[in-house]
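Here the structure comes first, spelled out in structure tokens, and everything after it is commentary.
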Amino acid sequence: MDTLKKLFPLSFKEKNGIGGLIVNILIHLVADAIAGVIIWILPFIGFLGGLIGLYFTVGIVLSVLDYLKILK
């Protein structure tokens with residue numbers, strides 16, 4: 001669990017209510033969109049696109065699980 005917290009620090013930030021969770025999810029989505037635009041502009045790093053998208057998707061899932069107190 002400590003490894004997950006080190007790899008996904010934004011996902012495990014304390015969230016004050018549902019508003020904090022929504023802001024956290026929006027931050028992940030905006031960061032993913034920005035990364036997508038950069039990869040679209042610089043196609044030679046396109047192989048990283050899938051990994052970056054996967055990172056932000058896992059970050060959103062972990063954020064929701066942390067909010068619901070499923071992860072300790």
Side-chain angles (χ1 to χ4, degrees):
M1 188 53 121
D2 290 333
T3 305
L4 279 178
K5 288 183 180 182
K6 288 179 184 175
L7 289 175
F8 300 94
L10 185 61
S11 298
F12 291 99
K13 287 183 73 173
E14 188 165 339
K15 298 158 201 73
N16 298 327
I18 191 76
L21 176 64
I22 292 171
V23 168
N24 195 296
I25 290 172
L26 287 175
I27 290 171
H28 278 92
L29 291 175
V30 168
D32 191 21
I34 291 171
V37 168
I38 291 172
I39 290 170
W40 180 70
I41 292 171
L42 304 170
F44 60 88
I45 60 168
F47 65 94
L48 291 176
L51 293 176
I52 292 170
L54 180 64
Y55 177 83
F56 287 118
T57 303
V58 170
I60 291 171
V61 170
L62 288 175
S63 183
V64 171
L65 292 175
D66 182 53
Y67 176 76
L68 296 174
K69 304 293 185 219
I70 293 174
L71 299 176
K72 303 285 181 203

*Hey, could you give me each pair passing ring pair (Phe, Tyr, Trp, His ring centres under 6.0 Å) that has a residue in residues 13-41? Not counting sequence neighbours.*
none
*Which pairs with one or both residues in residues 52-72 pass ring pair (Phe, Tyr, Trp, His ring centres under 6.0 Å), sequence neighbours excluded?*
F8-Y55
*Name all residues meeting the side chain to side chain donor-acceptor pair (under 3.5 Å) criterion together with D66; count only those two or more places apart in sequence or in a different chain, and write none if there are none.*
K15
With a 4.5 Å cut-off on side-chain heavy-atom distances among I, L, V, M, F, W and Y, is there a chain of contacts connecting [X] to [Y]?
X   : Y   : value
L65 : V58 : yes
L48 : L54 : yes
L68 : L26 : yes
I18 : L29 : yes
L7  : I25 : yes

*asked:* Listing request: all salt bridge (Lys or Arg N to Asp or Glu O under 4.0 Å) pairs with a residue in residues 39-65, at least two apart in sequence or in separate chains.
replied: none
*Pairs where residues 29-52 contributes a residue and the test salt bridge (Lys or Arg N to Asp or Glu O under 4.0 Å) is met, not counting sequence neighbours*: none
_Set of residues satisfying ring pair (Phe, Tyr, Trp, His ring centres under 6.0 Å) with respect to F12, sequence neighbours excluded_ = none
*Could you tell me which non-hydrogen atom of A35 sits nearest to which non-hydrogen atom of I52, and how far apart they are?*
CB-CG2, 3.5 Å
*Between N24 and S63, what is the shortest heavy-atom contact and its length?*
OD1-OG, 3.2 Å
_Can you tell me which residue among L4, L71, L62 is in a side chain to side chain contact (heavy atoms under 4.5 Å, CB included) with S11?_
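The single option meeting the side chain to side chain contact (heavy atoms under 4.5 Å, CB included) with S11 is L62.
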